[in-house]
Amino acid sequence: MTLTLYNTLTRRKEPFQPIDAGNVRMYVCGPTVYDYAHIGNARPVIVFDVLFRLLRHLYGAGHVTYARNITDVEDKINARAAEEGVPIGELTERTTKQFHADVAALGVLPPTVEPRATEYIRRRDSKLDMVRLIERLVQRGHAYVAQDHVLFDVASMPDYGRLSNRSLEEMEAGARVEVAPYKKGPMDFVLWKPSKAGEPAWPSPAGIATPGRPGWHIECSAMAGALLGEVFDIHGGGIDLVFPHHENEIAQSRCALGTSVMANVWMHNGFLQVEGEKMSKSLGNFVTIHDLLQEWPGEAIKLAMLSTHYRQPANWTEKGLIEAKRTLDHWYELTADAAEGAPLCADVLQALQDDLNTPQAIAALHALRSEAAKGAKPAAACLKASARLMGLLQLDTGAWKAWRPAALAIDEGKVEALIAARNAARTARDFKEADRIRDALTAMGIGLKDAKDPATGEIVTTWEVKR
RNA sequence: GGCCACGUGGCGGAGUGGUUACGCAACGGUCUGCAAAACCGUGUACCCCGGUUCAAUUCCGGGCGUGGCCUCCA
């Protein structure tokens with residue numbers, strides 16, 4: 001079974017063939033750091049982490065390079081910094097740290113490299129940077145200078161629009177935007193623009209005297225080219241990036257470097273709704289990763305996310321989180337003393353190799369759960385190993401059980417005391433009192449479980465917060 | 001207005017031209033002092049209308065609905 005991936009460029013699933021099996025290269029568009037990342041931002045982070053893990057499994061951990069950028073130069077950042085009255089660098093530094101904390105808590109692997117856009121505007125070393133790319137585009141006749149801007153000349157690229165599957169005529173017909181008067185063609189986009197006082201600025205390329213800053217798309221072309229080479233294997237991101245961002249990245253990279261493709265495979269994750277509605281600040285259902293992590297363990301968020309196939313539209317719900325958390329509780333329980341390093345479940349691997357069919361992989365994990373529940377030790381070990389391929393069951397069971405919501409308004413000592421009192425009443429066969437205490441705990445939102453220790457036959461009572 | 005996805009049982013969510021997805025919930029049972037948890041078992045589906053076919057939830061066309069892009073956006 002070989003890895004098959006859906007390629008937006010060809011609109012079908014294709015067998016994956018790396019350019020160099022010794023160094024498989026993937027680029028994923030990372031966050032613009034001006035605010036907390038939301039649950040929609042978490043989707044590509046989680047999805048492409050699974051792909052990263054799978055590629056490491058298939059080609060060897062040292063043979064995959066995964067680049068995910070930090071966009072730290074952008075007009076939204078400038079606006080937010082001005083709004084908060086803080087220096088831009090302070091805002092991007094703080095937001096980057098928040099992002100790192102969030103994704104670490106989600107239990108995803110750090111990418112191999114995490115370049116920042118500002119490091120690739122003008123470099124002192126010989127690596128590709130934005131200014132060099134822009135100069136080359138101008139030299140090759142794919143870009144022009146107008147009123148201190150550098151614009152990409154879309155008409156100079158015959159197959160512009162191939163990724164998003166639209167023709168120039170279509171786009172121009174459908175355009176609802178006012179076209180800046182200095183553009184030669186209405187779809188031409190900005191590679192470089194002049195900065196006003198107070199805006200971040202670098203010396204401009206192409207003989208422009210006014211200092212300026214890069215357009216949005218050029219950073220990814222520069223970073224991907226510098227770190228992964230002129231042509232690489234996989235480029236990923238959200239489906240909303242297909243146009244214009246990825247289309248324009250392709251145009252810049254190919255026209256500047258003279259290549260026929262930028263990346264061989266283009267992958268896009270679907271959009272996400274919250275409780276069946278569009279996520280928006282005005283609806284009040286804007287969910288940040290940071291907020292979710294106050295109430296849910298990272299792996300529950302990850303499992304909830306992976307229970308929908310990455311290309312499918314997803315509905316983010318609390319019910320889904322509850323389900324994911326309970327599933328993991330169960331899996332952790334069953335794998336508490338499972339051996340490490342068991343062979344992977346073939347069904348899980350096969351599902352993942354079929355365009356990351358995580359729901360099917362999860363179904364295979366449920367089958368293992370079922371066997372493990374009957375006492376099959378190898379199944380439990382296989383469950384642990386296979387779940388880890390997806391970045392699940394990474395903690396030890398004790399650490400998982402010890403997790404508590406950040407704002408847990410429960411006095412654990414008091415709970416333990418009540419449980420001890422209840423058990424004393426039970427031993428004395430005073431079930432009326434025992435049930436009274438249990439009801440009191442239920443009213444506090446605590447659910448009890450009485451289990452027999454299989455070795456000693458002793459009753460062990462555990463508790464959890466009911467949701 | 002142009003382009004593009006998606007629409008599966010109470011809910012979430014895979015998949016397939018004819019055969020069990022899976023999970024949660026529900027129901028029945030085992031266990032339990034009673035519960036909970038766990039385990040065993042059961043039921044329910046493929047948006048509408050046409051077409052192709054021996055056979056369509058699965059292919060094609062139309063409709064309706066939801067969402068995305070065309071403008072910052074995962």
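None of the values given here were measured: they were computed from a predicted structure. The basis for the numbers below is simple: all heavy atoms, side chains too, and nothing from hydrogens, waters or symmetry mates. Within every chain, numbering begins at 1; the chains are lettered A, B, ... in the order of the sequence lines, protein sequences first and strands thereafter.
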Specify the separation, in whole Å, of atom CG of A:D240 and atom C1' of B:C72.
-> 10 Å
Hey, is CZ on A:R429 packed in by over 12 heavy atoms from elsewhere, all under 6.0 Å?
-> no
Check A:E14, A:K13, A:R12 against A:N7 for a side chain to side chain donor-acceptor pair (under 3.5 Å) and give me the one that passes.
-> A:E14
Value in whole Å for how far the P atom of B:A35 lies from CD of A:E464 | 19 Å
The nucleotide from B:C73, B:A14, B:A74 with an atom nearest the side chain of A:W216 is B:C73
Among A:T71, A:T92, A:D72, side chain to side chain donor-acceptor pair (under 3.5 Å) partner for A:T118 | A:D72
Examine the side chains of A:T461 and A:D450 and answer whether a donor and an acceptor come within less than 3.5 Å of each other.
-> yes
A:W400 and A:D329: side-chain donor and acceptor closer than 3.5 Å?
-> yes
Taking only residues at least two apart or on different chains, which pairs with a member in residues 33-44 of chain A satisfy salt bridge (charged side-chain N to carboxylate O under 4.0 Å, His left out)?
-> A:D35-A:R80, A:D35-A:K281
Are A:E114 and A:H100 linked by a side-chain donor-acceptor pair shorter than 3.5 Å?
-> yes
Output all residues satisfying salt bridge (charged side-chain N to carboxylate O under 4.0 Å, His left out) with A:D75, sequence neighbours left out; order by chain, then residue number.
-> A:K193, A:R213
How would you label the contact of A:I362 with the nucleic acid (heavy atoms, under 4.0 Å): base, sugar-phosphate, or nothing?
-> nothing
Contacting residues from residues 290-302 of chain A, given that a heavy atom lies under 4.0 angstrom of RNA chain B = none
Mind checking side-chain contact (heavy atoms from CB on, under 4.5 Å) for A:D291 and listing every partner two or more places apart, or none if nothing turns up?
-> A:T288
Any chance the side chains of A:N248 and A:Y160 put a donor and an acceptor closer than 3.5 Å?
-> yes
What nucleic acid atoms does A:G447 come within less than 4.0 Å of, heavy atoms only: base, sugar-phosphate, or nothing?
-> nothing
With 3.5 Å as the limit, what N/O pairs link the protein to nucleotides 30-33 of chain B?
from  : atom 1 : to     : atom 2 : distance (Å)
B:G33 : O6     : A:R426 : NE     : 3.3
B:G33 : N1     : A:D435 : OD1    : 3.0
B:G33 : N2     : A:D435 : OD2    : 2.6

Do A:E275 and A:N315 get their side chains close enough for a donor-acceptor pair, meaning under 3.5 Å?
-> no
Report yes or no: do A:E299 and A:Y332 form a side-chain donor-acceptor pair below 3.5 Å?
-> yes
Starting from P on B:A74, measure out to NE2 on A:H246 and report it in whole angstrom.
-> 11 Å
Mind checking the C1' distance from B:U32 to B:U42? Whole angstroms is fine.
-> 23 Å
Under the side chain to side chain donor-acceptor pair (under 3.5 Å) test, residues paired with A:E416 that sit two or more places apart = A:W463
Indicate, with yes or no, if the rings of A:W331 and A:H366 have centres closer together than 6.0 Å.
-> yes
Any pair with a residue in residues 233-253 of chain A that passes salt bridge (charged side-chain N to carboxylate O under 4.0 Å, His left out), sequence neighbours left out, goes on the list, sorted by first then second residue, please.
-> none
Summary of protein contacts for nucleotides 38-44 of chain B, nucleotide by nucleotide, where a base hit scores B, a sugar-phosphate-only hit scores S (4.0 Å, heavy atoms) = SSS----
Spacing of the C1' atoms in B:C6 and B:A26 (rounded, Å) = 28 Å
Which residues, if any, of residues 26-40 of chain A bring a heavy atom under 4.0 Å of RNA chain B?
-> A:H38, A:G40
For atom CG of A:L106 and atom C1' of B:A74, their distance in whole Å = 14 Å
Please state whether the rings of A:H246 and A:H235 are parallel, tilted or perpendicular, taking 30° and 60° as the class boundaries.
-> perpendicular
Grab the two heavy atoms, one from A:G298 and one from A:L293, that are nearest each other, plus how far apart they are.
-> CA-CD2, 3.8 Å
Taking atom P of B:A74 as reference, at what distance in whole Å does atom CZ of A:F243 sit?
-> 17 Å
A:Q273 CD to B:A74 P: how many Å, rounded?
-> 17 Å
Heavy-atom contacts under 4.0 Å between residues 376-403 of chain A and RNA chain B, which residues?
-> none
Take atom P in B:U8 and the same atom in B:C31, then report the distance between them in whole Å.
-> 41 Å
Is the ring of A:F271 stacked on the base of B:G67, with centres less than 5.5 Å apart and planes under 30° off?
-> no
Each stem that RNA chain B is part of, given as range with range (3 or more consecutive Watson-Crick or G-U pairs, under 3.5 Å) = B:1-7 with B:64-70, B:10-12 with B:22-24, B:26-30 with B:38-42, B:47-51 with B:59-63
Once you round it to whole Å, what is the distance between C1' of B:C73 and CG of A:N269?
-> 12 Å
Answer yes or no: does a side-chain N or O of A:N357 lie under 4.0 Å from OP1 or OP2 of B:G15?
-> yes
For atom P, what is the distance between B:U57 and B:A21, given to the nearest Å?
-> 15 Å
Protein-nucleotides 5-12 of chain B N/O pairs closer than 3.5 Å?
from : atom 1 : to     : atom 2 : distance (Å)
B:C6 : O3'    : A:Q312 : NE2    : 3.4

Determine the contact category for A:R43: base if any of its heavy atoms lies under 4.0 Å from a base atom, sugar-phosphate if only primed atoms, P, OP1 or OP2 are that close, otherwise nothing.
-> nothing
For the pair made of CZ in A:R213 and P in B:C72, what is the distance, rounded to whole Å?
-> 13 Å
